[in-house]
Amino acid sequence: MNLERFKRLALELEDEARHYAAMDPQVKCFAGSVEGITADAKTERILAPLDHIPGDYYFYEGTLRQYRDLESAFARFRIEVIGGETPAVKAALDAIRATKP
């Protein structure tokens with residue numbers, strides 16, 4: 001785990017969540033659900049990959065997919081938390097980036 005990258009991604013996720021939380025109560029709930037893990041990331045208390053982090057429900061079952069930058073920040077953070085980019089994840093992300101204008 002790259003702890004500096006991990007901290008930066010936690011801050012980015014918090015910033016995106018804070019941006020939308022004032023206008024969407026579901027984002028406020030999401031932010032509360034990931035608050036503990038982002039705090040742990042920022043203080044370097046997560047030293048090994050985790051199997052799961054909270055918050056994905058809000059994108060899969062909730063309405064947060066409409067906030068693409070928040071979803072992207074969550075995805076980057078989640079990938080880092082579960083152990084970083086595997087070759088398969090890297091290939092998928094490269095393909096997605098290639099389709100963006």
Side-chain angles (χ1 to χ4, degrees):
M1 291 182 118
N2 179 332
L3 296 180
E4 286 305 313
R5 175 175 163 74
F6 201 25
K7 286 193 271 188
R8 182 178 49 80
L9 292 172
L11 289 169
E12 288 175 11
L13 178 57
E14 287 178 338
D15 287 345
E16 290 297 335
R18 194 174 8 264
H19 175 76
Y20 294 110
M23 50 186 141
D24 188 331
Q26 198 170 86
V27 176
K28 190 172 185 176
C29 290
F30 164 76
S33 75
V34 297
E35 183 177 31
I37 198 161
T38 56
D40 287 347
K42 292 185 306 183
T43 57
E44 299 182 2
R45 287 188 296 228
I46 300 173
L47 301 175
L50 304 177
D51 292 331
H52 177 75
I53 66 168
D56 54 355
Y57 165 83
Y58 294 96
F59 295 98
Y60 303 139
E61 303 292 330
T63 61
L64 298 194
R65 292 192 97 172
Q66 65 183 312
Y67 306 117
R68 294 186 62 110
D69 46 354
L70 176 60
E71 184 177 24
S72 180
F74 178 71
R76 288 189 305 272
F77 180 75
R78 184 179 175 279
I79 288 167
E80 196 67 28
V81 170
I82 63 172
E85 292 181 359
T86 64
V89 169
K90 184 173 178 4
L93 291 173
D94 289 345
I96 290 168
R97 290 179 189 121
T99 62
K100 290 186 178 181

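All residue numbers refer to positions in the sequence shown, counting from 1. Just the heavy atoms: all of them, side chains too, but no hydrogens, waters or symmetry mates, feed the values below. Please read all numbers here as calculations on a predicted model, not as lab measurements.
The backbone N or O of A39 sits less than 3.5 Å from a side-chain atom of T43, completing a donor-acceptor pair.
When all heavy atoms are compared, the tightest approach of F59 to R65 is O-CG, 2.9 Å. What you find for P54 and F74 is that their closest heavy atoms are O-CE1, 3.6 Å.
By the 4.5 Å heavy-atom criterion applied to side chains, L13 and L70 are counted as neighbours.
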List the atom pairs, with distances to 0.1 Å, where a side-chain N or O of residues 23-36 and a protein N or O form a donor-acceptor pair under 3.5 Å, not counting sequence neighbours.
from: D24; atom 1: OD1; to: Q26; atom 2: N; distance (Å): 2.8
from: D24; atom 1: OD2; to: Y67; atom 2: OH; distance (Å): 2.8
from: Q26; atom 1: OE1; to: T63; atom 2: N; distance (Å): 2.7
from: Q26; atom 1: OE1; to: T63; atom 2: OG1; distance (Å): 2.9
from: S33; atom 1: OG; to: F30; atom 2: O; distance (Å): 2.7

So L50 and I37, side-chain contact (heavy atoms from CB on, under 4.5 Å) or not? Walk me through it. CA-CA 10 Å; L50 304 177; I37 198 161; 3.5 Å; yes
Residues F77, I53; criterion side-chain contact (heavy atoms from CB on, under 4.5 Å); working and verdict: CA-CA 10 Å; F77 180 75; I53 66 168; 3.9 Å; yes
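Checked for salt-bridge contact, E4 and K7 meet the test: a charged N lies under 4.0 Å from a carboxylate O.
Among residues at least two apart or in separate chains, salt bridge (Lys or Arg N to Asp or Glu O under 4.0 Å) pairs with a member in residues 9-19 are R8-E12, E12-R76, E14-K42, D15-R18. Contacts classified as salt bridge (Lys or Arg N to Asp or Glu O under 4.0 Å) and involving residues 45-60 (residues at least two apart or in different chains) are given here: D40-R45. The ring-ring contact (aromatic ring centres under 6.0 Å, His included) analysis of residues 34-55, with sequence neighbours excluded, yields no pairs.
Judged as a salt bridge (Lys or Arg N to Asp or Glu O under 4.0 Å), and not counting sequence neighbours, E61 has no contacts.
Neither L3 nor L11 shares a network with the other; the hydrophobic side chains, linked directly or stepwise wherever heavy atoms of I, L, V, M, F, W or Y lie under 4.5 Å apart, form separate groups for each.
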